Structures are given as C-alpha cells and as structure tokens.
Amino acid sequence: MPLPDIAWFREAPKRRRYLAGASGGADSVALLHWLQRHGFRDVVVCHLDHGLRGRAAEEDARFVEKLAASLGYRCESGKAEVRAIMKASGASMETAARQARHGFFAECSRKWRCPRLLLAHHADDQAETILWNLLRGSRGLSGMKERQVLTMAGRPVECLRPLLGTRREELREWLVAEGLAWREDASNAEPVAVRNRLRNEALPLLGEIARRDVVESLIRAEQGAAELREIERWSVAQAAAVDPQGRLHLPRLRELPAAVQAACIYDFLRTSGVTDLSREVVERCLGLMDPPAAPAVNLPGGMVLRRRGGRLVVVRATP
C-alpha cells in the first residue's frame with residue numbers, strides 16, 4: 001500500500017536531526033515508519049513511561065526500543081512518576097503527564113542538541129483539541145498547529161506535527177496493510193481522562209446527532225477561525241495601541257471599537273507571555289479601562305495586568 005502523500009515528508013531536510021515522540025501506539029509507529037521510508041536517517045526516538053501502567057508500560061518501552069533499532073534509529077527512554085507530580089502540585093493527571101513529557105522532551109533536546117520534536121498528532125486528535133478548548137472557554141476556536149514553538153521546562157522546542165491532516169483510521173489501515181505491529185494502550189478506552197471521554201463518548205454522540213463527520217466539521221470551523229485571527233492581527237497592528245515602552249496606551253485603546261479593544265488586550269497579554277487566555281480573562285481586563293474599577297487583574301501563570309496612569313502593564317504577582 002503506497003504511503004499517503006504528505007508534503008512535509010517530501011520537503012523537510014533529510015539530513016537534519018529530529019527527535020520523535022513515540023508511545024508505541026499506532027500513530028507514532030506510523031510516523032516512525034514513514035520517516036524511515038522517506039529517507040530520514042538522523043532520528044532519535046523518545047519514549048516516556050509515565051509510571052501509571054506497570055508491566056504494560058515496560059512492554060511498551062521494550063517495543064519502542066526494538067522498533068527504533070529495526071529502523072536504524074537511536075532511542076532515548078525515560079520514566080516519570082506522574083502520581084507523585086499530581087500529589088506535589090495538585091494538578092490533574094493529564095496536566096501532570098504533560099508536565100512530565102515536556103520535562104523529558106526538554107532533556108532529550110539538551111542531550112541530543114536538537115531543537116526539533118516530531119509528534120504524531122493527527123486530525124482526530126485535532127478535533128478533540130478544538131472541542132476541548134471550546135468547552136474550556138477559549139477565545140474562539142483553536143487547535144494545534146503543524147509547527148509551533150513551545151517552551152518545555154524553560155527550553156524552546158519546535159514541535160512539528162506532519163500527520164495533523166491525516167485521519168486516525170487512515171494510519172491504522174496503512175499499518176494493517178503493511179503488516180506492521182503497534183501497541184494498544186488499554187487505558188485509552190477507560191472514561192477517566194477528558195481526552196478519552198471526548199474521543200469515545202462526545203464525538204461519536206455528536207456525529208450521531210448531526211449525522212455527519214464532526215471531526216471534519218470541527219477542523220473546517222477552526223480553519224475559518226484561523227482566517228479571522230489573521231484579520232484580527234491586522235486590525236491590532238493598525239490600531240497601534242502599544243506605546244514605544246511596550247505598554248498598552250489607554251487613551252488610544254478607548255478610541256477603538258469594542259471588538260478591537262478586546263483583540264488588542266488579548267494580543268498584548270499573549271505577547272507578554274501570559275498563557276491559558278480565555279474570553280473571560282480578556283473581559284475582566286477590559287474592566288481596567290475605566291476607573292473606578294480595581295487597578296489590577298490577576299492573570300494565569302502568576303501574572304497581573306496593572307493600570308498605571310494611562311497605561312496597562314503586565315507584571316509578576318508579588319508573593
């Protein structure tokens with residue numbers, strides 16, 4: 001069975017070194033085989049045991065190590081104790097697991113002197129992300145990007161997702177046709193994590209109600225939202241509401257239409273390093289424009305938006 005034609009595999013430099021995250025599941029196994037068949041030679045396969053699944057996780061690690069060796073790739077394996085992270089930080093299992101992965105990938109990036117990380121997220125993962133971000137109150141529809149620089153444990157890592165336009169079933173069909181094995185994570189079927197419930201319950205139910213492929217619908221909606229974000233960025237640039245000292249200029253902001261005011265505040269917070277921005281956060285920040293409102297708004301990540309005279313500035317919250 002021929003490989004699906006994905007431009008990235010044809011066009012990306014073959015001589016560069018890449019890290020590739022691999023769980024042993026169908027998606028990451030397909031990614032590794034496609035890399036090898038397209039002539040990528042300098043790949044370091046990165047596998048993390050989250051310390052949650054005992055012997056099954058140990059078998060996953062052995063499977064990934066053997067697969068990497070069979071493809072001529074080096075392998076970096078690690079283990080984290082996600083439950084300990086949850087206990088220490090109070091984070092959910094998904095958040096703690098993500099923190100563990102980011103720390104592991106950052107260490108692999110340092111060790112192998114490689115800033116590029118390939119991830120096997122596909123179109124169905126993208127639909128789950130869009131739906132979850134919408135349910136969490138994100139400002140507009142948003143999903144993962146094919147190329148995105150993330151700060152992982154203080155280190156910038158370029159995340160590349162070449163399979164983002166490919167469906168989960170297409171990957172599995174190709175593996176079956178080629179007689180290639182992968183590992184199934186039994187916990188993916190358990191209704192314990194948000195992702196699992198979106199994948200196994202919410203999306204199928206929405207598809208049944210709508211009588212259509214809601215994965216495609218969500219992705220098309222996010223693509224339309226991305227076009228609107230381009231228009232919004234242009235509007236923010238035209239508004240020129242940030243002064244030469246990098247502060248948001250309130251007199252200028254008050255002259256703008258309400259929608260552009262919100263866009264300027266969102267862009268200002270984002271470029272100031274504030275993460276997890278929702279519509280609710282932006283609306284609270286809009287309240288700083290007109291006294292006698294409180295002079296400051298608490299932001300995610302221990303930051304504060306503070307009004308000083310006719311300017312808004314982002315500062316670190318004091319203990």
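Start at 1 with the first residue, then count along the sequence. Computed over heavy atoms, backbone and side chain alike; hydrogens, waters and symmetry mates excluded. Since this is a predicted model, take the numbers as computed values, not measurements.
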Is there a path of hydrophobic side-chain contacts, each under 4.5 Å between heavy atoms, that joins [X] and [Y]?
X: Phe105; Y: Val64; value: no
X: Phe268; Y: Leu256; value: yes
X: Val236; Y: Ile265; value: no
X: Leu119; Y: Phe104; value: yes

Under 3.5 Å, side-chain donor or acceptor atoms of residues 220-227 against the rest of the protein: list the pairs with distances, not counting sequence neighbours.
| from | atom 1 | to | atom 2 | distance (Å) |
| --- | --- | --- | --- | --- |
| Glu222 | OE2 | Arg229 | NH2 | 3.1 |

Any donor and acceptor pair, going by atom type alone, linking the side chain of [X] with main-chain N or O of [Y] inside 3.5 Å?
X: Arg116; Y: Arg17; result: yes
X: Glu178; Y: His33; result: no
X: Asp267; Y: Ala263; result: no
X: Asn200; Y: Arg197; result: no
X: Gln261; Y: Leu253; result: yes
X: Ser23; Y: Gly25; result: yes
X: His122; Y: Asp124; result: yes
X: His249; Y: Val242; result: no

Taking the side chain as C-beta and beyond, is there a heavy-atom pair between [X] and [Y] under 4.5 Å?
X: Leu305; Y: Leu288; result: yes
X: Val29; Y: Phe63; result: yes
X: Leu52; Y: Met93; result: yes
X: Leu131; Y: Leu206; result: yes
X: Trp174; Y: Leu180; result: yes
X: His50; Y: Lys79; result: no
X: Val315; Y: Met303; result: no

Which heavy atom of [X] sits nearest a heavy atom of [Y], and at what distance?
X: Leu218; Y: Ala127; answer: CD1-O, 3.8 Å
X: Ala30; Y: Leu171; answer: CB-CD2, 4.2 Å
X: Leu250; Y: Arg311; answer: CD1-N, 4.1 Å
X: Leu32; Y: Ala20; answer: CD2-CB, 3.8 Å
X: Ala100; Y: Val82; answer: CB-CG2, 4.3 Å
X: Asn133; Y: Arg136; answer: OD1-NH2, 2.9 Å

Using side-chain contact (heavy atoms from CB on, under 4.5 Å), reason through Leu277 and Arg270 one step at a time and then give a plain yes or no. CA-CA 8 Å; Leu277 289 171; Arg270 181 184 59 81; 4.1 Å; yes

Report the distance from atom OG1 of Thr166 to atom CD1 of Ile6, rounding to the nearest 0.5 Å. 3.5 Å

Worked verdict on Glu232 versus Trp234 for side chain to side chain donor-acceptor pair (under 3.5 Å): CA-CA 5 Å; Glu232 183 178 274; Trp234 180 86; over 6 Å; no

If you look only at distance, which donor and acceptor atoms sit under 3.5 Å apart when one is on a side chain in residues 148-165 and the other is two or more places apart or in another chain?
| from | atom 1 | to | atom 2 | distance (Å) |
| --- | --- | --- | --- | --- |
| Gln148 | OE1 | Arg161 | NH1 | 3.2 |
| Arg155 | NE | Ser109 | OG | 2.8 |
| Glu158 | OE2 | Arg147 | NE | 2.6 |
| Arg161 | NE | His121 | ND1 | 3.0 |
| Arg161 | NH1 | Lys145 | O | 2.8 |

If the condition is salt bridge (Lys or Arg N to Asp or Glu O under 4.0 Å), which residues does [X] pass it with, not counting sequence neighbours?
X: Arg16; result: none
X: Glu59; result: Arg183
X: Arg306; result: none
X: Asp49; result: none

Taken in chain and number order and not counting sequence neighbours, the residues that satisfy ring pair (Phe, Tyr, Trp, His ring centres under 6.0 Å) with Phe9 are Trp34, His38

Return the set of residues passing ring pair (Phe, Tyr, Trp, His ring centres under 6.0 Å) with Tyr18 (not counting sequence neighbours), or none when no residue passes. Trp8, Phe40

Salt bridge or not between [X] and [Y]? Use side-chain N to carboxylate O under 4.0 Å.
X: Asp243; Y: Arg252; answer: no
X: Glu216; Y: Arg167; answer: yes
X: Arg195; Y: Asp125; answer: no
X: Glu107; Y: Arg110; answer: yes
X: Arg284; Y: Glu280; answer: yes
X: Glu184; Y: Arg172; answer: yes

Enclosure of Arg113 CZ (heavy-atom neighbours >12, cutoff 6.0 Å): no

Would you indicate whether Lys14, at its atom NZ, is surrounded by more than 12 heavy atoms from other residues, nucleotides or ligands within a distance under 6.0 Å? yes

Quick one: list whatever passes side-chain contact (heavy atoms from CB on, under 4.5 Å) with [X], sequence neighbours left out.
X: Pro204; result: none
X: Ala68; result: Val45, Tyr73, Cys75
X: Asn298; result: Val304

If you link ILVMFWY side chains whenever their heavy atoms are less than 4.5 Å apart, which other residues fall into the same cluster as Leu205? By chain and number, please. Ile209

How far apart are the C-alpha atoms of Glu76 and Lys111, what are their side-chain angles, what is the distance that settles it, and do they pass the side-chain contact (heavy atoms from CB on, under 4.5 Å) test? CA-CA 10 Å; Glu76 189 73 34; Lys111 178 176 178 178; 3.1 Å; yes

Given Leu269 and Ser272, is the side-chain contact (heavy atoms from CB on, under 4.5 Å) satisfied, shown in steps? CA-CA 5 Å; Leu269 297 177; Ser272 298; 5.6 Å; no

